[in-house]
Q: 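Can you read through this structure? Questions will come right after.
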Amino acid sequence: MCGFKDIDFEAVTLGYLSLSENHFFCSCNFKNARGADLSDLAGNTLQQVILPNSEVADRQIFDSFY
C-alpha cells in the first residue's frame with residue numbers, strides 16, 4: 001500500500017505507474033493524465049482527487065466509477 005498526497009499528475013503519461021488496489025490518494029490531480037483509465041483507480045481510497053475527466057472524487061474503497 002502506498003499513499004500519495006498533493007501530487008499533480010496533470011498531463012503526465014501514466015503508462016508505467018501501477019494504480020492497483022489499496023493505495024491512498026489525497027488531493028491529487030489526474031486531469032488530462034495520459035494512459036490513465038478510471039478503472040485503474042478501482043479499489044483505492046480517494047479524497048479530493050481530480051480524475052482525468054475533471055470529476056472530483058471523494059470516495060473510500062470502491063468498486064467502480066461506472
Side-chain angles (χ1 to χ4, degrees):
M1 180 173 183
C2 293
F4 298 91
K5 184 176 181 190
D6 299 322
I7 296 179
D8 187 0
F9 293 103
E10 184 169 1
V12 171
T13 300
L14 298 174
Y16 297 106
L17 178 64
S18 173
L19 301 175
S20 60
E21 296 181 2
N22 299 317
H23 292 322
F24 173 76
F25 295 92
C26 179
S27 301
C28 293
N29 179 16
F30 287 94
K31 185 177 179 181
N32 299 320
R34 293 179 297 274
D37 184 345
L38 293 179
S39 65
D40 290 344
L41 292 171
N44 293 298
T45 299
L46 308 178
Q47 292 183 348
Q48 296 302 311
V49 171
I50 301 171
L51 301 174
N53 64 359
S54 299
E55 175 186 351
V56 176
D58 193 15
R59 303 175 183 157
Q60 297 300 314
I61 301 291
F62 59 93
D63 293 325
S64 176
F65 283 103
Y66 304 109

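The chain is numbered in sequence order, starting from 1.
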Q: Minimum heavy-atom separation for Phe9 to Ala33, with atom names?
A: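 What the structure gives for the nearest pair is O-CB, 3.7 Å.
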Q: Check the angle between the aromatic planes of Phe25 and Phe4 and answer parallel, tilted or perpendicular using the 30° and 60° thresholds.
A: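 The rings of Phe25 and Phe4 lie parallel, inter-plane angle below 30°.
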Q: Nearest 0.5 Å please: distance from the NZ atom of Lys5 over to the SG atom of Cys26.
A: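 Spacing of NZ (Lys5) from SG (Cys26) equals 5.5 Å.
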Q: Main chain of Asn44, side chain of His23: is a donor-acceptor contact present, judged purely on distance under 3.5 Å?
A: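 No: the side chain of His23 does not pair with the backbone of Asn44.
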Q: Do Ile7 and Val12 belong to the same hydrophobic cluster, where Ile, Leu, Val, Met, Phe, Trp and Tyr are linked whenever their side-chain heavy atoms lie under 4.5 Å apart, directly or via other members?
A: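 Yes, Ile7 connects to Val12 through the hydrophobic network.
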Q: Tell me, do Phe24 and Gln47 make a side-chain contact under 4.5 Å, heavy atoms counted?
A: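 In short, these two side chains touch, coming nearer than 4.5 Å.
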Q: Over all heavy atoms of both residues, which pair between Ser27 and Val49 is shortest? Give the atoms and the distance, please.
A: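 Of all heavy-atom pairs spanning Ser27 and Val49, the closest is N-CG2, 4.4 Å.
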Q: Under 3.5 Å, is there a donor-acceptor pair between the side chain of Arg34 and the main chain of Ala11?
A: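 Judged by distance alone, yes, a pair lies under 3.5 Å.
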Q: From Asn32 CG over to Leu51 CG, what is the distance, rounded to the nearest 0.5 angstrom?
A: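 Answer for the CG-CG pair, Asn32 versus Leu51, is 12.0 Å.
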Q: Quick one: list whatever passes side chain to side chain contact (heavy atoms under 4.5 Å, CB included) with Asp8, sequence neighbours left out.
A: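 For Asp8, the residues satisfying side chain to side chain contact (heavy atoms under 4.5 Å, CB included) (neighbours in sequence not counted) are Glu10, Asn29.
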